[in-house]
Amino acid sequence: METVLGNMGIELTDKELSELVNNLPVDKGKVYQKRLLNGIKFLKGGKIDSSKVYTVLENMGMNLTEKELKDLTQNLPVDVNGKVDLEKVMNEVKPFSGDKVDTSKLENVLGNLGIKLTSNERLNLLETLPVNADGKVYQKRLMKGIKSLKRGNIDVNKLDTFLESMGINITEEEFMDLIEKLPCDDEEKIKVDTVMKELSTVLGKQINVSDLKKALKDMKVEVTDKEYLNLVKTLPVDVEGKVFRKRLLDSVKNLKRGKIDMINLDTFLENMGMELSHKELEDFSQNLPVDVDGKVDLKNVTMSMKDFTGEKINASDLKNVLGDMGIEVNDKERLELLKLLPVDGELHLGYCDLQSIEFYGSIYDVYTLKCHVFIFTCPHPTALAFL
């Protein structure tokens with residue numbers, strides 16, 4: 001396998017080669033070449049000889065024209081040894097897939113996507129595109145050019161079409177949030193650059209997929225090689241091979257494996273947009289199962305995160321809140337309950353979640369307040385004395 005990859009111009013370390021083999025369906029020491037190359041596409045690490053980029057892509061079934069290859073390679077960072085990171089190549093090749101459009105009909109093509117450019121802006125755009133002899137260019141590469149150009153206007157009534165053509169998936173709630181932030185002129189036009197800037201306020205900054213390894217490290221998330229491959233495959237990237245921070249965080253929450261070092265728990269939670277008080281962090285941490293290495297499963301952390309979301313209530317108003325829900329407690333019971341809850345420095349506690357409360361020695365009761373529903377599960381009759 002190492003020889004086959006070497007002949008293609010792909011160089012892997014022993015560790016990278018072992019990682020690749022572990023994630024391939026090997027049968028009696030052999031694997032289909034197509035499966036091998038598909039695995040290479042999402043490999044973390046690896047180098048390509050810059051003079052053999054075309055050969056590598058051709059073996060992967062990506063046949064680029066001379067202009068397209070030149071356009072791709074001019075953006076690749078080549079090291080002193082004439083090598084380029086495999087991840088960088090795989091990211092830069094993303095716009096060279098899908099449908100092609102006829103540049104002789106560029107005004108109509110852009111108009112259907114809700115984009116309006118002046119004559120000079122269209123000319124400037126065409127100069128940056130790898131247009132083939134037949135006058136066609138990949139639509140994704142066209143949209144990447146539009147984004148880089150930072151010129152032109154978008155018809156607000158076709159904003160959803162524009163976002164879709166950019167490879168940007170957005171929920172209805174996020175879309176309405178974006179609309180509220182956008183300044184429209186009298187003709188209901190919005191500048192392309194303005195849309196992209198405001199998208200970052202809704203979805204967070206964009207991260208290049210080839211920098212995903214560093215992004216996860218900064219977030220203090222440790223994932224297996226297999227989880228990393230699955231994450232790369234499923235991330236909703238745009239035409240530039242970038243993913244919005246919010247989308248990355250959503251994907252991280254759904255990882256089935258992965259670890260968080262307890263030392264880095266507060267940093268991880270901050271990266272996930274959770275700001276907990278010291279007492280809340282203590283309460284969050286105390287029931288997490290920690291392994292011998294001082295680490296906790298990511299899935300356990302994300303499950304616990306659900307208990308620290310939603311509206312907060314004033315601790316002094318707890319009795320009234322419970323009363324409104326049909327639960328009667330006297331002052332002594334209220335004080336006992338408060339001792340078991342993570343009240344922050346401003347005397348507030350989570351309204352939507354009260355979970356993992358311990359009292360009367362080894363007796364555990366779980367209180368869950370979600371959407372105004374109070375569920376009480378009791379493993380021992382004496383615990384009923386609490387309420």
Side-chain angles (χ1 to χ4, degrees), residues 42 87 90-92 94-95 97-98 113-115 139-184 188-221 223 227-228 230-255 258 267-276 298 301-302 305-306 308-310:
F42 304 103
E87 286 178 294
M90 292 299 99
N91 203 43
E92 288 295 331
K94 290 182 186 296
S97 62
L113 299 174
I115 304 168
Q139 181 172 310
K140 289 181 182 178
R141 180 61 185 86
L142 169 65
M143 299 312 295
K144 179 182 177 181
I146 290 286
K147 187 178 177 182
S148 301
L149 187 65
K150 296 182 179 180
R151 294 288 187 274
N153 293 303
I154 303 171
D155 184 340
V156 69
N157 297 310
K158 291 186 176 181
L159 180 58
D160 54 344
T161 303
F162 168 77
L163 294 176
E164 185 178 351
S165 65
M166 282 287 186
I168 299 171
N169 297 316
I170 190 168
T171 66
E172 184 176 349
E173 183 179 354
E174 291 165 346
F175 184 78
M176 295 309 297
D177 189 15
L178 175 63
I179 288 291
E180 290 178 3
K181 295 177 183 296
L182 294 174
C184 295
E188 295 190 322
K189 304 292 184 184
I190 319 162
K191 292 185 179 299
V192 171
D193 194 34
T194 301
V195 172
M196 300 314 299
K197 285 179 180 177
E198 292 300 337
L199 260 175
S200 294
T201 67
V202 176
L203 300 178
K205 71 176 184 178
Q206 285 194 293
I207 299 167
N208 199 308
V209 173
S210 59
D211 296 326
L212 180 59
K213 185 164 51 176
K214 181 180 182 301
L216 292 174
K217 184 178 180 181
D218 291 342
M219 291 168 60
K220 309 301 181 185
V221 179
V223 297
E227 281 289 298
Y228 181 86
N230 289 334
L231 183 60
V232 173
K233 290 178 183 179
T234 57
L235 280 177
V237 297
D238 69 2
V239 292
E240 286 188 305
K242 295 182 178 180
V243 60
F244 285 100
R245 181 177 175 81
K246 185 176 180 181
R247 292 290 176 266
L248 174 58
L249 296 180
D250 289 341
S251 296
V252 167
K253 288 178 185 177
N254 293 323
L255 287 176
T267 303
F268 170 76
L269 294 175
E270 286 176 9
N271 281 314
M272 299 299 282
M274 293 190 67
E275 296 182 7
L276 302 184
L298 178 59
V301 175
T302 53
M305 285 170 60
K306 297 175 183 178
F308 289 81
T309 57

Might you work through the side chain to side chain contact (heavy atoms under 4.5 Å, CB included) test for Leu235 and Leu212, ending with a clear yes or no? CA-CA 10 Å; Leu235 280 177; Leu212 180 59; 3.9 Å; yes
Which is it for Ile168 and Phe244 under the side chain to side chain contact (heavy atoms under 4.5 Å, CB included) test, yes or no, and what are the steps along the way? CA-CA 9 Å; Ile168 299 171; Phe244 285 100; 3.9 Å; yes
Given Leu182 and Val156, is the side chain to side chain contact (heavy atoms under 4.5 Å, CB included) satisfied, shown in steps? CA-CA 9 Å; Leu182 294 174; Val156 69; 5.7 Å; no
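Ser148 has its side chain within reach of Glu240: a pair of non-hydrogen atoms, C-beta onward, lies under 4.5 Å apart. A heavy-atom distance below 4.5 Å is found between the side chains of Glu188 and Asn157.
By the side chain to side chain donor-acceptor pair (under 3.5 Å) test, Ser251 is found to be paired with no residue, residues two or more places apart in sequence or in another chain being considered. Listed by chain and residue number, Glu92 satisfy the salt bridge (Lys or Arg N to Asp or Glu O under 4.0 Å) test with Lys144 (two or more places apart in sequence, or in another chain). Every residue two or more places apart in sequence or in another chain that forms a salt bridge (Lys or Arg N to Asp or Glu O under 4.0 Å) with Asp250 is listed here: Arg247. Residues satisfying the salt bridge (Lys or Arg N to Asp or Glu O under 4.0 Å) test with Glu227, not counting sequence neighbours, are none.
Here the CG-OH distance, from Leu216 to Tyr228, works out to 7.0 Å after rounding to the nearest 0.5 Å. Annotation: the span from Met166 atom CE to Lys140 atom NZ amounts to 13.5 Å, rounded to 0.5 Å. If you take CE on Met274 and CD on Glu270, they are separated by 11.0 Å, rounding to the nearest 0.5 Å. To the nearest 0.5 angstrom, Ile190 atom CD1 is 5.5 Å from Leu159 atom CG. Taken to the nearest 0.5 Å, the CG atom of Asn153 stands 11.0 Å off from the CZ atom of Phe162. Leu163 CG to Lys158 NZ: the interatomic distance, rounded to the nearest 0.5 Å, is 14.0 Å.
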Result block: side-chain N/O donor-acceptor pairs under 3.5 angstrom for residues 195-206, not counting sequence neighbours:
from: Lys197; atom 1: NZ; to: Asp193; atom 2: OD2; distance (Å): 3.4
from: Glu198; atom 1: OE1; to: Thr201; atom 2: OG1; distance (Å): 3.4
from: Ser200; atom 1: OG; to: Met196; atom 2: O; distance (Å): 3.4
from: Thr201; atom 1: OG1; to: Glu198; atom 2: O; distance (Å): 2.6
from: Gln206; atom 1: OE1; to: Lys147; atom 2: NZ; distance (Å): 2.5
from: Gln206; atom 1: NE2; to: Asp238; atom 2: OD2; distance (Å): 2.7

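Thr194 and Pro183 get closest at one heavy-atom pair: CG2-CD, 3.9 Å. Considering every non-hydrogen atom in both Met90 and Lys94, the closest pair reads O-CG, 3.4 Å. Contact between Phe268 and Met305 at its shortest, heavy atoms only, is CE2-SD, 4.2 Å. When every heavy atom of Met219 is checked against every heavy atom of Leu248, the shortest pair comes out as SD-CD2, 4.1 Å. Here the closest heavy-atom approach between residue Thr234 and residue Asn230 is recorded as OG1-O, 2.9 Å.
Summarising the local packing, NZ of Lys217 is surrounded by 12 or fewer heavy atoms from other residues, nucleotides or ligands at distances under 6.0 Å.
Between the side chain of Thr302 and the main chain of Leu298, a donor-acceptor pair closer than 3.5 Å is present. For Asn271 (side chain) and Thr267 (main-chain N/O), a donor-acceptor pair under 3.5 Å exists by modelled atom type.
Side-chain contact, Asn91 with Asn208: a donor N or O sits under 3.5 Å from an acceptor N or O.
Contacts classified as side chain to side chain donor-acceptor pair (under 3.5 Å) and involving residues 161-172 (residues at least two apart or in different chains) are given here: Thr171-Glu174.
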